[in-house]
Amino acid sequence: MARVGVQTAAFDLGSEAAALLAGRSDIGGLGCFVGTVRDSAAGRPIAAMTLEHYPGMTERAMAAIAAEAEARWALLGCTLIHRVGRLRPGEPIVLVLAAAAHRAAALEATGFLIDWLKTAAPFWKKESFADGGEAWVAARATDDEAAARWRAGAVTPAR
Amino acid sequence: MARVGVQTAAFDLGSEAAALLAGRSDIGGLGCFVGTVRDSAAGRPIAAMTLEHYPGMTERAMAAIAAEAEARWALLGCTLIHRVGRLRPGEPIVLVLAAAAHRAAALEATGFLIDWLKTAAPFWKKESFADGGEAWVAARATDDEAAARWRAGAVTPAR
Amino acid sequence: MTAAEAPPLRLLYFAWLRERVGRAEEQVALPDGVATVGALRAWLCSRGPGFAAALAPDLPVRCAVNQDFAGPDAPVAPGDEVAFFPPVTGG
Amino acid sequence: MTAAEAPPLRLLYFAWLRERVGRAEEQVALPDGVATVGALRAWLCSRGPGFAAALAPDLPVRCAVNQDFAGPDAPVAPGDEVAFFPPVTGG
């Protein structure tokens, strides 16, 4: 059963990984991804990133994405944590952990989970630029393409 | 410049990731892989795994693998730590961290690094079974195939 | 059940749709003849310039009905929770 | 430089090769006529049953010369560090 969370506080990679691995000796590989706030967008310096979400639906969507990964790769552990609120450059936004008996499954599931989180969970980013401007981040075709890689023969990520 | 280490002590995922990210706001994604000792091999319970290596050559090979990844994916950070000595089921063996501006590069480099570590760095594993038997682990064709995925148009991992 | 007795729709708006509409949430009675996401979106556009700026047909708008993503042909019924928002950009 | 003056080879063995040879390391004078990894391996096999059990032609043996992986045609010269070991299994 996956651990799924939406929170304003920072997460701790070390303790999340330790919690997932604790008492387990059937796991052979743990894949992780941490997404962080970059300090510029298309060369324009960023002061902060604000993340909004759809409470209720977010947790449902994240649980569904995790369940899909657990089923496809027979995962032995899965953690998805996404932060919301105002974050500064360098701060972590999102954590994905996927554990399996072998490394290929762990790493593939990690890639799947972050690709689908980006395209099938209701989060929206607004960039606050150092020059005082603000802009909602536009969805990127490359993210849709990354998510579509996983679509063959499987449940389509809902849009 | 990558951080490369061979050690008997356990590593700490959280502090290694924090060290790699510290003071950086150009990083957008951190990919990680942790390999752990499984409690059985082909259904035969394992009491311990002993890792031997070739001091001197190991560090050279790991540095070369990291340099290859840094060049291919323009990495903003890279950490490879491999443990040696006697390890018990559940204990971590190997840590890979790869940071980049975007997630695809971070995750691809993570996969490349563990695939090449498995096939191009001089480590050998001996399994000690719960029934008292011992056996050196045989190299697996699937590991060679995984490493070969990354070969196209690039330096061949030395065997 | 008459229209007066039907429970209202709960409408939610997120991100730049919320800013243009000028509210995060409201309750409305489902108008006669509106039975799909697409028809609801068209009707909302007619409610004023803020709504049109948020929901005009050429804008990249997504929808969820009762917290599941829903296309323009998805049915909408009294009592539903219907959210409109931009394509998602988390992760 | 005569054979007597040439520095010895440093030979290293790892994993099951080490166990079969019965030592982790040794120094030997490079024999006359041995100039490649393949020739060195064949000569070592002739030194006794432990060496043959570790280095026989049908066994999956890898080699490094001066800490770089080296195939059977790679040159070997006095003073080199030459390691024989099984295919690697780390990670």
Side-chain angles (χ1 to χ4, degrees), chain A residues 6 33-37 41 49-65 80-84 87 92-96 111-127 134-144 146-147 155-159, chain C residues 7-28 36-38 40-41 44 49-77 79-91:
Chain A
V6 181
F33 179 78
V34 177
T36 49
V37 180
M49 179 89 85
T50 303
L51 278 127
E52 175 173 332
H53 78 120
Y54 180 173
M57 180 173 171
T58 311
E59 292 81 355
R60 282 165 55 100
M62 290 171 76
I65 292 166
L80 299 182
I81 301 177
H82 204 299
R83 293 177 74 189
V84 292
L87 304 175
I93 305 174
V94 61
L95 173 66
V96 170
F112 166 87
L113 286 162
I114 187 64
D115 284 346
W116 274 30
L117 262 181
K118 283 196 173 260
T119 53
F123 292 96
W124 301 276
K125 286 192 187 110
K126 187 179 212 173
E127 289 166 337
E134 289 195 328
W136 290 96
V137 173
R140 298 189 310 172
T142 52
D143 285 338
D144 291 338
V155 175
T156 299
R159 299 300 308 280
Chain C
L9 284 184
R10 184 179 182 211
L11 296 178
L12 303 174
Y13 309 99
F14 292 97
W16 52 258
L17 270 89
R18 173 178 51 70
E19 294 177 339
R20 294 181 191 181
V21 165
R23 69 198 75 174
E25 180 172 348
E26 62 179 330
Q27 304 225 348
V28 301
T36 65
V37 164
L40 177 62
R41 178 175 170 181
L44 287 169
F51 285 92
L55 291 155
D58 58 326
L59 293 171
V61 172
R62 299 291 182 269
C63 182
V65 175
N66 298 326
Q67 303 190 351
D68 282 321
F69 288 96
D73 298 331
V76 173
D80 282 348
E81 174 176 305
V82 183
F84 290 97
F85 44 76
V88 304
T89 57

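Every chain is numbered from 1 and lettered A, B, ... according to where its sequence line falls, protein lines coming before strand lines.
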When you compare the side chain of C:F69 with that of A:M57, does any pair of heavy atoms fall below 4.5 Å? yes

What are the two closest heavy atoms between C:V88 and A:A139, and how far apart are they? O-CB, 4.0 Å

With no hydrogens and no angle check, is any side-chain donor or acceptor of A:W124 less than 3.5 Å from a backbone partner on C:P86? yes

What distance do C:E19 atom CD and A:E134 atom CD have between them, rounded to the nearest 0.5 Å? 7.5 Å

For A:A64, is it the side chain, the backbone, both, or neither that has a heavy atom closer than 4.5 Å to a heavy atom of chain C? neither

Rounded to the nearest 0.5 Å, how far does OG1 of C:T89 lie from CE of A:M49? 8.5 Å

Under the 3.5 angstrom rule, does the side chain of A:K125 hit a backbone N or O of C:G91 as a donor-acceptor pair? yes

Quick one: side-chain hydrogen bond (donor to acceptor under 3.5 Å, both in side chains) partners of A:T36, sequence neighbours excluded? none

d(C:W16 CH2, A:W136 CH2) to nearest 0.5 Å is 11.0 Å

